[in-house]
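Read through the structure below, which is laid out as structure tokens, and then see the notes.
Only a predicted model underlies this, so the values are computations on that prediction, with no experimental measurement involved. We name chains A, B, ... by the order of the sequence lines, and we start the count at 1 in each one.
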Protein chains: 2
Amino acid sequence: MDSTVAREQALDAAERLFYGRGVQSVGMDDIRGASGVSLKRLYQLFPAKEQLVEAYLERRDVRWRQRLAEHVRRHEDTLERLLAVFDWLEGWFGEADFRGCAWINAYGELGATSPRVVAQVRDHKRAFRDYLAQLVADAGLDAALTAPLFLLAEGAMVTAGVTGSTEPAAEARAAARVLLRAG
Amino acid sequence: MDSTVAREQALDAAERLFYGRGVQSVGMDDIRGASGVSLKRLYQLFPAKEQLVEAYLERRDVRWRQRLAEHVRRHEDTLERLLAVFDWLEGWFGEADFRGCAWINAYGELGATSPRVVAQVRDHKRAFRDYLAQLVADAGLDAALTAPLFLLAEGAMVTAGVTGSTEPAAEARAAARVLLRAG
DNA sequence: TTGACGTGAGAACGTGCGTTCTCCTAGGGT
DNA sequence: ACCCTAGGAGAACGCACGTTCTCACGTCAA
């Protein structure tokens, strides 16, 4: 089996299991079973579990922001694009396997013990915030609007994760619209 | 040593360690060392670690909401009271040992494996939201304002935890003020 | 054909930790 | 003085899991 294929399969399994059941309750043996990649191979590709976790978060970060940006790009109007962020969140919250924000969860689980995970969470959140800032700038709006929009989105992710409802996305979107008009 | 005293000391140690280092990386032996309560006693008071975790979250929930309410009560004006919530958050974020919201962290760490913890997180968040709803009603405002205020507060907690900054509280407060005027 | 090498399956090893057990000491009632 | 009980210190047990090792097998070069 090709090395890059094995890597992708390992990461597929890692993402499914780590996101679904948490990092600590998933063993390397579970990854092996779910991916079909042998333990020996796994440890060649990722010398320790922590590096598999980092690779999982990194790949998910790229994909997550890509998916969001693709959805936003489908809208022409720059104001609509900002609101489209919350529409996309609603769709995400409604996915069958949705279990909250992977980075917030990782922070809760590993933040106290793994500085590298904390750095990855920070990077991801900063990238998301920068993306919102860009949308705000493109719409010709006051840059100060970025912060509240970001906080509404974060609050919606957390609340949707804990309650299992998609409602927070609509609530955040409604609040965002008020802020956009008032700003 | 009195049984109730031992219980309090155990919970003091549990809260300090669980909140500061996460639940899974703290062993019962660490609790014993930090509390001075012997293992035997610990297991008399809490038949399993999970029950100690539950007791920790429960006691913290009561105290957290008490501290918040006490701060809010110091304000007369009903509108000021709503904004005072965010002032209190800022003070909390600035505490030396602040490491994010204990319940959001617990959800990230144990949410996938412990339904009882999930229920406690939900209960805590619902209680906080209900409290905000009460403040909104007391101020004679539209009940629909509760949701965005709650989301802003949640977003601020998460962001302050991840970034280690108190800034999100001020940002959330500013956004709340805009919403209160616009609503 | 042979031998070096990579690989997979799974055993093995070491450690950490939740939980229980052993043993010993110290009171307190008779 | 003599038990009897509660409690503390810490060893012991069982298990889970990260990581490494063993061994057998297949593959390809010479």
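As rounded to whole Å, 8 Å separates atom P of dC17(C) from atom NZ of K49(B). Remark: P of dT19(C) and CZ of R32(B) are 15 Å apart, rounded to the nearest angstrom. Following rounding to the nearest Å, Y43(A) (OH) and dC17(D) (C1') show an atom-to-atom distance of 9 Å. Residue M28(A) contributes atom CE, which lies 17 Å from atom C1' of dA11(C) at whole-angstrom precision. D2(B) places its CG atom 12 Å from the P atom of dG8(D), with the value rounded to the nearest Å. For the pair D29(A) CG and dG10(C) C1', the computed distance is 9 Å after rounding to whole Å. The nearest whole Å value for the distance from the CD atom in Q9(B) to the P atom in dG8(D) is 11 Å. Put simply, CZ on R21(B) is 13 Å from C1' on dC17(C), counting in whole angstrom units.
D12(B) has a carboxylate O that lies under 4.0 Å from a charged side-chain N of R59(B), or vice versa, which qualifies the two as a salt bridge. R67(A) has a carboxylate O that lies under 4.0 Å from a charged side-chain N of E95(A), or vice versa, which qualifies the two as a salt bridge.
Residue K40(A) is in base contact, counting any heavy-atom pair closer than 4.0 Å across all strands shown. Among the heavy atoms of the strands, none lies under 4.0 Å from V37(A). Residue contacts shown for Q44(A) are limited to sugar-phosphate atoms, with no base heavy atom under 4.0 Å away.
Nearest to the side-chain atoms of L39(A) among the listed nucleotides dA9(D), dT19(C), dT20(D) stands dT20(D).
Between H71(A) and H75(A), the ring planes are tilted. Angles from 30° to 60° get that label.
Counting only residues at least two apart or on different chains, the salt bridge (charged side-chain N to carboxylate O under 4.0 Å, His left out) pairs with a member in residues 132-157 of chain A are K125(A)-E154(A).
Taking side-chain N and O atoms only, Q24(B) has no distance below 4.0 Å to OP1 or OP2 of dG16(C).
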